[in-house]
Amino acid sequence: MSPVPDEVRSLVQVTDLVVDFGETRAVDRLSFTLDRGAALGLVGESGSGKSTVASALLGLHRGTGAHVGGVVRVGGIDVQEASGTELRRLRGGKAAMVFQDPLSSLDPYYAVGDQIAEVYRVHTGASRRAARARAVEVLDRVGIPDAVRRARSRPHEFSGGMRQRALIAMALACEPELLIADEPTTALDVTVQAQILDLLHVLRTETGMGLLLVTHDVGVAAESVDDVLVMRYGRSVERGPVREVLGAPREAYTRELLGAVPRVDSPRRTAAPARGDVVLEAVGLRREFGRGKRAFPAVDGVSLTVRRGETLGIVGESGSGKTTLGRMLVGLLDPSAGEIRHGGDPAPGGVRAGVQMVFQDPVSSLNPRRAIGESIADPLRARGERDDALVRARVRALMERVGLDPAYYGRYPHEFSGGQRQRVGIARALAAEPRVIVCDEPVSALDVTTQAQVTALLAELQEEHGLALVFIAHDLAVVRQVSDRVAVMRRGRIVEQGSVDEVYGAPRQAYTKQLLAAVPALDPEAAARRRTARGELAAA
Amino acid sequence: MTGFLLRRAAGALVTLLAISVIVYAVFYIAPGDVAQITCGPRCSPAQVAQVTEQLRLDDPVYVRYWDFLQGVFTGRDYSTGTGTEHCDAPCLGLSYQSDQQVTQLILAKLPVTGSLALGAMVMWLILGVGTGVLSAWRRGRVTERVLTAVTLAGTATPVFVIGLLLMIVVCGQLNWLPFPQYVPFTDDPQQWAWNLLLPWLSLALIEAAKYARLTRASMLETLADDHVRTFRAYGVGERSIIGKHALRGAFAPVIALSANDFGSMFGGAVLSETLFGLPGMGRELVHAVKVVDLPVVVGMVLVTGFFVVLANAVADVLYAVADRRVVLS
Amino acid sequence: GPEDPEGDDAGNGAGGKPAKGGTLTVLNSQPQVDFDPARLYTSGGGNVPSLVFRTLTTRNREDGAKGAEVVPDLATDLGKASKNATVWTYTLKKGLKYEDGSPITSADIKYGIERSFAGELSGGAPYLRDWLIGGDKYAGPYKDKSGKGLESIKTPDERTIVFHLNKPEGEFPYLATQTQFTPVPENKDKGTKYEEHPVSSGPYKVVENENDGERLTLERNPHWSAKTDPERNAYPDKIDVRSGLNSSVINQRLSAGQGSDAAAVTTDTNLGPAELAKVTGDKALASRVGTGHFGYTNYLAFNPKVKPFDDPKVRQAISYAVDRSSVVNAAGGSSLAEPATTYLPNQKSFGYTKYDHFPAGKSGNPKKARELLKEAGHKDGLTITLTHSNAKDFETSPEIATSIQDALKKAGITVKLEGLEDNDYKDKIHSAEDEPGLFLAHWGADWPSGGPFLAPIFDGRQIVKDGANFNTGFLDDKSVNDEIDEINKLTDLDRAAERWGALDKKIGEKALTVPLFHPVYKRLYGKDVKNVVISDWTGVLDVSRVAVK
Amino acid sequence: MSEALLAPEAGTGATAPAPASGARQFWRRLRTQRAALVAAVVVALLVLVALAAPLLTAVEGQDPSTYHPDLVDSGRGGVPIGSFGGISAEHWLGVEPQTGRDLFARLVYGARVSLGVAFAATFVQVLLGVGIGIAAGLGNRLVDQVLSRATDVIVALPLMVLSLALMAIVPSGFPRPVLVALVIGLVAWGSTAKIVRAQTITLKELDYVAAARLSGWSTWRIARRELLPGLAAPVMTYAALLIPMNITVEAALSFLGVGVKPPTASWGQMLTSADVWYQAAPQYLLLPAGALFVTVLALTVLGDGVRTALDPRAASRLRIGTGQKREGGA
Ligand SMILES: Nc1ncnc2c1ncn2[C@@H]1O[C@H](COP(=O)(O)OP(=O)(O)OP(=O)(O)O)[C@@H](O)[C@H]1O
Ligand SMILES: Nc1ncnc2c1ncn2[C@@H]1O[C@H](COP(=O)(O)OP(=O)(O)OP(=O)(O)O)[C@@H](O)[C@H]1O
Ligand SMILES: [Mg+2]
Ligand SMILES: [Mg+2]
C-alpha cells in the first residue's frame, strides 16, 4: 500500500482521539496534525489531558485497560493497529518521548549513560562502546557538565534537573523524527531551561525533527514552537500560530490563561509582612555526599533565618543544593555540620512538629498503594483526630482549596496527572497546619491558573496563621511573586540574599543577572531576540 | 569498608557467643544423661561416675563454659590415657563420644557440606531465578502455569522423597549418574561434581520454588514502576526489560534469602546428607544431638553460625556494590 | 524350635566354589566410630572388627543354630574351669603373631582387658568389672601406677592366662568372645588414639581409617596364619567398608549391583517391610536374600509399683488383650517378626521352652481380658498410659504403640500414648524412680544364652537405685535369685540352657512382661557374593566367611 | 492494608459522591481473576474437608486409627491386599501398609493437623518476621544491630537444637498441635525477617515515607500504614511457600518428640513413612503428596491473586505499552 501523499507531509495525524480511563474521559474527540519539522505546543491547565495525548502518540495506552478511540498515525504507522515490532521501531527510533516525571523515569540500578546507550543500541545495533560514546555525547549536548564521568552515575546521584536532562539526552540519542516532550523543563532552572529550549530549537533546525511540546508554561511554548493547541477538559479550545494565539487570543479561556502568567516585571504582591519572630534558623549548614575522595559538598555553609509570616524564596540552578538544603531544614536529612534552630533553640535533629515539606517529586512522595485522601488525612489523624467524618470533611475542604475535585478522595496516585499529584502534596502539607512549610518546586508542574490559585492560597494561609514559607523554585517570576526575601544558590552556597526588590531590581552578582536574563518571555518575537542575545553572551 | 568489616566482625563475635551460650543452656536442661550415654547403656553407677569425672561433667555449667571459652582462645590439653594431646586454639574441645578434636572433626566434614551448599545454591539460583524470570515474562500464560506447578511440586515434596526417587531412577535404573559419594574436590574435580550433581539437583528442586516465586513477585513489582514505562516507550524489547531492569529489582530479596539458606545449610542439610550418604556436618550434628555430645554440638552450631554471618555479610556487600544507594553500615 | 521358616536359603549365595581374591565392599549405615577393642560391646565387636581382633574364644562361624555355639579362637580350648567355675585358665595357640610379626602373649591379653577399665575407654560390657575379683575397684592401667595391674588376672607364662572370679560363672567362655579379650601390645597403646590404627591379630589389618571409621580399608595381614584360625576364611584380598549410607540406599545399591556393588554386602542393614514387599515379587532378587535370627525379644514391660499394674490381674488382662498379629504387622509383617509368647528368644541355645501362660491367640482375647478386669474391679474399663520412644525403630516406636492401643481398645482399655524423645525415654525407663507404669521395651542377648538375657532383668540383686536399672519389674524373688546362682555354677552349657528355659517359664507366670515378638532379619547381598553364612548368634552375614570370587 | 479498607463510609454531607472504598475496590480487582477464584474455592474446600473430617469418615464408615491386620499381606511386609492399595467400597482410598488403617480417614484427619499447624505456624512466623524485619529496617543502628544479630542466631541454630530447648521447657500437658505450631513459628522466622528488613530499607528511602514522618506519625504507625502494604507482596508470596514447608517441618518434629501424638495422622508424617513404599504401594505416597501439592498450588495462586488485587497499580500499570492488544487486568 503506497502511502497517501498527505501522510508524507504530516508526521502526526490525530483524528477524533478519545481516551477513557474507566469513567473519566481524559481526551475527548481531539484532532490535530503536525508536519515534519514543525513544532506544536500543547498547552492547557493541569489535568486537561495533555500527557494522555502524548502517551497516545506512542501507543502507551495499549494493554492498560484504558479505552482509546479514534485514529493516531505517527510517521505513517497506525499506532493503535501496529504490530509489536512495528511499535517498538516507532518508539524511541521514530518518535521519542521525554516523560513528565523525570525523577522516577530512570532505572535506579543502572548508570545513566548505560541506560541511554541501551536505548541507542536497540535502534541502531551499534557496538557497546559506540553506544556509550554516543551516550556521553548526548549528555554533553544537553549540558551535563563533565559528561564522561557523570555518565557513570546512577540516577539518585543526579539532581532533579540533571535527571530531566538525562531523559532528554535519551530521547535525542537516536535522532528521532518526532520528539514528544512532556513538560521537559518543569524541573529546570531558567538558565538550563533556556539552554534546553535553545537546544531543542537548534536540533529542530539542524535535523528537521518535529516537536510536540507539552507544557503548561505559556512562556516556554512561546519560546519554542510555531503553533499552539490550547486544551481544556480533553478538548481543543484554540489552535493557531503561536504569535496569533498568544498575541491575540480568540477564546476567553486562552485570555484567562495568559492573564494568570506571572511575569518578572509584573507588579508583585504588596503587603510587606511585619517582621515576626524567627521560627527557623540555619547556621553554617553543610552536607556532603559520597565518601573519601568522591566526597563533595552539596550544601556548603548555608546560614539563613525564616521569620513568622514571611516567605523566603530560594532560587538557583539545577543541582545547586536547593533540595538538599530543604530536606535539612525540615529534619529529613542530617547535616554534616552546622545546626538548625526552631524558634531559637537548637533542635536535637530529626523531624519537628509544625514543619512540613512539599516534595519536588510528586510521584515518589505519594504511596502508590494508598488513596490520596488518606495521605492527605495523615497529619490530621497523626494529631489525634479520631472523628472520621470530620477528617474526611476537612480533607475534602483542603482538596477543594488546592483545586482538586473532592470526589477524588479514594483515588490512587497513578490515576492523577502530574499537576494534580503536586497539589495532593500541597494539601497534605497544609493539613498539618504547620508553622513552616518548605516547598520544593511546589508549582513547577502546575499550569498558570492553578499556580496562581495555589500561590494565592499560600499567601492567604500565611496571613491567617502567620505561616512561614521557604519557597524553592527555579521559576524566578513565581518566586518574585510570592517571596519577601530571596536567596540565590549556586554550588551549595548562597551567593546573594536580600529583599525581592534588591535582588530582582539591582542584582549584584553576575550569576543573578544571568538568571534574570534567561527568564522566558511571553512574546515569541522577544523570545527570538533574547535567544540570539544569549547565544552572544555565551559566545563571549 | 574497613569500618564496615570491623563492625561486622564484632557483630559476628557477639552472635557466636550468644549461640554458644544458648546451646550450653539448652543442653543443660535437655534430657539425656551424658555420662550414661557415653559410657554405654549397661554401665554401672561406678563406671558412670568414672566417665563423669573423666569428662568433668560434675563441674558447674559456667565453669565448663568458661573452660570452653578458654579453649577457643588459648587451646587446651587433653589426656589420651597414655599421654597428653594438645588441642590448638581455636579449640572447640573433644568429642565425648569419639575423643576426636571437634575442630578437626569439623574441618573434615566442612568441605563436604560446603560443596553441597555451594553447588545447591548455584543450582537453585539458576533454576529458581530462571523459572521466576520466565514466569514473570510469560505471566498469565500456559508457560507460567506449568512452571509454577512444577516448582511448587518440588516444594511440596520433602527432600527424602525427591532425592530417593531421583536416585532410584537416575542412578539405579537409568544408570546415568553414580550413587553419590563424596570425592574431595582436590582429588578429582570432575568426579566431585559428577557425584554431587544429584544431591545438588534434589536440594535445588526443593528450594527453587521459593526463589522462583520471590523473583517473580519482585519483578512484577518492578514492572509496575515508572522507569519500566520509560524503556517500553523507547522500544526496548520485553526480553531486555524483564531480563535486565525488572530482574534487577529481585536482586535484594534473592540475595538476602540465599545468604540465609546457604548459611543454614551448614547445619541443616541433615536429610540430604543422610539420604545421599555424604559425611557432612548436618548428619554429624544430628548424631551429636542424639547422643548429647555437647562439644560437637556447640562446635557445629558455631560453625554454622559463622557461615550464616559470613553469608549475610557477603550478601550485604554484594547488595551495596550492586545498589550504590545503600551505604554499608 | 528356632528353625528358619524359609529353610536353607542362606549358606549359598552365587554359584561356584568360593575362592580367594577380589575386593569385598561393605555398605553400612553406621560408621565404625569405635575401633578400639576396649570400647566395643558386642561379641567380637560385631562383624568388621572381628576381622582385625582375635579373642580367646569366638563364635562358631556357621549358618543358623550351629552358629550360636562358642568355639576357641586364640586359645586352644574353651578354657579349663576350676570345680566351682570361679577360676578359668586358658592356653594360647602356638605361633600367634600381630600384623608386625611380633608374637602375641598372654600379657597382652591381660593388658587389653585392663585397658577396658580406663575411664577414657568406656563403652564395653559390664561383666568383667562385675565378675573379676577387684574389678569394681580397678581404674585401669593409666591411673593405676602400682605396676601390678589387675591381680585377679594372672599370666604365669607367655601362653597361659588365668582368671579369678568372685563368683561361679559357667558361661565365662562366652564372655571371652568379647573384644576386651583381644591382645593389645602395651608399647603400641596410644590411649584414646589407639582406635585410629589398632594392631591386628586377625586376617586383615587396617590400612586406612578415614573420618573416624566412616571409610575403612582392610588388607591382608601377612602374619596371620590360617592354620591357627579355622573360623575365618578370609577369601577377599581387600575389604572396603563404606558407611554412613541411608538404609534404603544400601538396599537399592545391593539390588542394582552396579560396579563394585555386585561384590557388596551389608553388616548392619536389613530389608524393611516395603523393600521386602518389592523383593519378594522378584525371583532373582529374592534368591539374594539371607535370613538371620538374633536373640532378641520385644515386649511390654510393667512397673508393678505403679497403679493399676500392681494388680497381677490387670497385667494378665493386658497380656490376654494384646493382638500379636497387629503388632507383628506393625513391626514389618510375618517375614520380619515372629510372635513371641516367651521372654527368652525362640532358639535352642537360650534354652527356649515353649509356654503361653495367657493365650491371646492370633489377634487377642478381649473377652478374657474383660473378665479379668472385672475381677480386678475395673468393670467400666480402664485408662492407662503407654510410654514409648519416638525414635523410628519399629521396636519401641509409635507404630508398635498404636497397634497395642488399638488392640486394648477392644478389651475396654483406653490407652494414652506418651511418646518421648529417645534419650528422655531411655532415661526414664532405666530410672528406678521415674520408670513409667507400662512401656515398650526390648532386650537383646550379649551372647546366645539365657544368662545375660534373664539375669539383668529378673535378678533382684541387679536392681540399681542410682543408675541405669534394667530390672524394670523390680522382681526380687529369692527362689529366682538362687536359681540364677545355681545355673551360673554349671559349666555344661547345654544343661544350663535347659535350666534357663525352665526359669523363664516360671518367671513368665508373674506377668511382669508381655512378650510381643522376636525380630527376623532379611539381609540382601550383591550378586557376586558367595559363601553366605548367617549365624543365629548375630543374625548378620558373616564377613569373615564371604567370598567374592 | 490501609485503613481506608476498614473505614466506614463517611457521611460528611460533602457534595462529592462517596468514593468506592478500598475494600470494595479490592474485591472488584480480585473478582476479575478467575484463577484466583478457583484457588479460593479449592482452599475453602480443603478447610471444609478438614473441619468435616469426622462427618466424612462417618459417611465412609471408617475411622483413622482402627487396625485391619486382615487387609494387609503380613508375609510381604504388610503390603495392602488387593489392587490399588486395597481400594474398595469400604476403603475408598485403600489402606495403609502394615497397619491396614483406612487411608481416606487418615488423609482427611491429617488435613486437620497439617493445615491447622501449618497455618498457625506460618501466622506466627509472618508476625514475628514482619515485626522484627520492619523494626530492624526502621530502627536506629543499635536496634538494627540487635535484631539482625538475633535473626542470625535464630537462622544459625538448627531446628533440632532449638526444638529440644522448647521441649524441655514446656510442660507435657501443653496441647501438642499448638506447641508444634509455636515451635515452628518461633524457630523459623529468620528468612521472613531478612526479606522484610531488606525491603523495608529500600522502601524507607522513598519520599512518601519521609512525608509520613513529617506528618508526625510514630515509626510504628509508618510501618503499618506506609510500609506494610508495600511489603505485602513479597511477604504473601513467601508465606504461601512457608505453609508447605511447615507441613514437612511438622513431620520432622514428630521424630524429635514434639510432633503431634500418634495415632493422630498428619500429611507430613504420612509422607515420611510412605517414601519407602513408593514401589510396593505407590498410592500411599501419592495421596499425601498430591494433597499437599493441591494445597500449595491453590494457596500460591490465591496468594498471587490477593497480591495483585491489593496493588491498585497492578491492573493498569503492569502492561503499560507492552504492545499487547489484550485489555484488562494482568
Ligand atoms: N491511569 C489513569 N486512571 C484514571 N484517570 C487518569 C489516569 N491517568 C490520567 N487520568 C486522568 O486523566 C486526566 C488527564 O490527565 P493527564 O495526565 O493527561 O493531564 P495533563 O494535562 O498532562 O496534566 P498535568 O499538566 O497536570 O500533567 C486527569 O483528570 C487525570 O486525573
Ligand atoms: N543521595 C545523593 N548522593 C549523591 N549525590 C547527591 C545525592 N543527592 C543529591 N546529590 C547531589 O547534590 C547536588 C545537589 O542536589 P539537589 O537535589 O539538592 O539539587 P537542587 O538544587 O535541588 O537541583 P534541582 O533544581 O535540579 O532539583 C547535586 O549535584 C546532586 O547530584
Ligand atoms: Mg501531564
Ligand atoms: Mg531539587
Side-chain angles (χ1 to χ4, degrees), chain C residues 5-6 246-248 251-252 271-282 323-337 339 362-364 386 388-392 394 397-407 409-410 415-425 522, chain D residues 63-81 85 95-102 106 160 163-168 170 172-173 176 251-266 269 272-282 284-285:
Chain C
E6 285 176 38
N246 175 278
S247 52
S248 307
N251 287 321
Q252 196 63 46
L271 288 174
E275 289 152 345
L276 194 74
K278 191 198 144 214
V279 165
T280 44
D282 182 335
D323 177 345
R324 287 198 175 81
S325 59
S326 264
V327 176
V328 161
N329 279 346
S334 57
S335 304
L336 294 176
K362 258 193 81 172
S363 50
L386 171 62
H388 62 92
S389 160
N390 282 313
K392 203 181 180 184
F394 293 97
S397 54
E399 296 81 7
I400 310 290
T402 44
S403 72
I404 305 277
Q405 182 186 42
D406 181 57
K409 199 160 61 186
K410 294 185 199 120
V415 177
K416 284 198 187 141
L417 297 181
E418 183 189 34
L420 300 176
E421 187 270 334
D422 203 42
N423 281 331
D424 199 12
Y425 162 79
K522 295 286 179 186
Chain D
D63 72 83
S65 59
T66 300
Y67 278 55
H68 300 283
D70 47 319
L71 292 181
V72 297
D73 182 349
S74 187
R76 292 185 56 215
V79 62
I81 297 169
V95 296
E96 190 179 54
Q98 287 187 267
T99 64
R101 290 183 290 197
D102 184 65
R106 292 190 72 72
M160 185 135 184
S163 48
L164 262 178
L166 288 164
M167 201 169 19
V170 178
S172 63
R176 276 308 172 93
L253 282 180
S254 297
F255 289 117
L256 299 178
V258 284
V260 289
K261 281 184 193 170
T264 316
S266 83
Q269 283 173 331
T272 40
S273 42
D275 71 323
V276 288
W277 285 97
Y278 68 98
Q279 279 165 318
Y284 185 31
L285 177 64

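Throughout, protein chains are lettered first and strands after them, A, B, ... in sequence-line order, and every chain is numbered starting at 1. As the structure is a prediction and not an experimental result, all values here were calculated from the model. Just the heavy atoms: all of them, side chains too, but no hydrogens, waters or symmetry mates, feed the values below.
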Residue [X] versus chain D: region with a heavy atom under 4.5 Å:
X: C:L336; result: neither
X: C:D424; result: neither
X: C:A331; result: backbone
X: C:T280; result: side chain

Could you check which of C:D406, C:L271, C:L417, C:L276 has the highest count of heavy-atom pairs closer than 4.5 Å to chain D?
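Winner by heavy-atom pair count: C:D406.
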With chain D, which of C:G333, C:G281, C:S334 has the greatest number of heavy-atom pairs at distances under 4.5 Å?
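Looking at each of C:G333, C:G281, C:S334 in turn, C:S334 comes out on top.
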Check whether D:V276 gets within reach of chain C through its side chain, its backbone, both or neither, counting any heavy atom under 4.5 Å.
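Contact with chain C: backbone and side chain both.
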D:Y284 portion near chain C, given a 4.5 angstrom heavy-atom threshold:
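Nothing of D:Y284, per the 4.5 Å heavy-atom cut-off to chain C.
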Which heavy atom of C:E399 sits nearest to which heavy atom of D:Y67, and what is that distance?
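Looking at all heavy atoms of both residues, the shortest contact is O-OH, 3.1 Å.
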Minimum heavy-atom distance between C:P273 and D:G77, given as atom pair plus value:
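Result for this residue pair: CB-O, 3.2 Å.
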Kindly write out the residues that satisfy salt bridge (Lys or Arg N to Asp or Glu O under 4.0 Å) with D:D102, not counting sequence neighbours, or none if the list is empty.
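Once residues adjacent in sequence are excluded, D:D102 has no partner under the salt bridge (Lys or Arg N to Asp or Glu O under 4.0 Å) criterion.
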Residues that D:R101 engages under salt bridge (Lys or Arg N to Asp or Glu O under 4.0 Å), provided they are two or more places apart:
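Partners of D:R101 by the salt bridge (Lys or Arg N to Asp or Glu O under 4.0 Å) criterion, ordered by chain and then number, come out as D:E96.
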Rounded to the nearest 0.5 Å, what's the gap from OG on D:S65 to CD on C:Q405? Could you check?
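The OG atom of D:S65 sits 7.0 Å away from the CD atom of C:Q405.
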How long is the straight-line distance from CG of D:D73 back to CG of C:N329, given to the nearest 0.5 Å?
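Spacing of CG (C:N329) from CG (D:D73) equals 9.0 Å.
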For each of D:A281, D:G78, D:G75, tally heavy-atom pairs with chain C at distances under 4.5 Å, and name the one with the top tally.
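Winner by heavy-atom pair count: D:G75.
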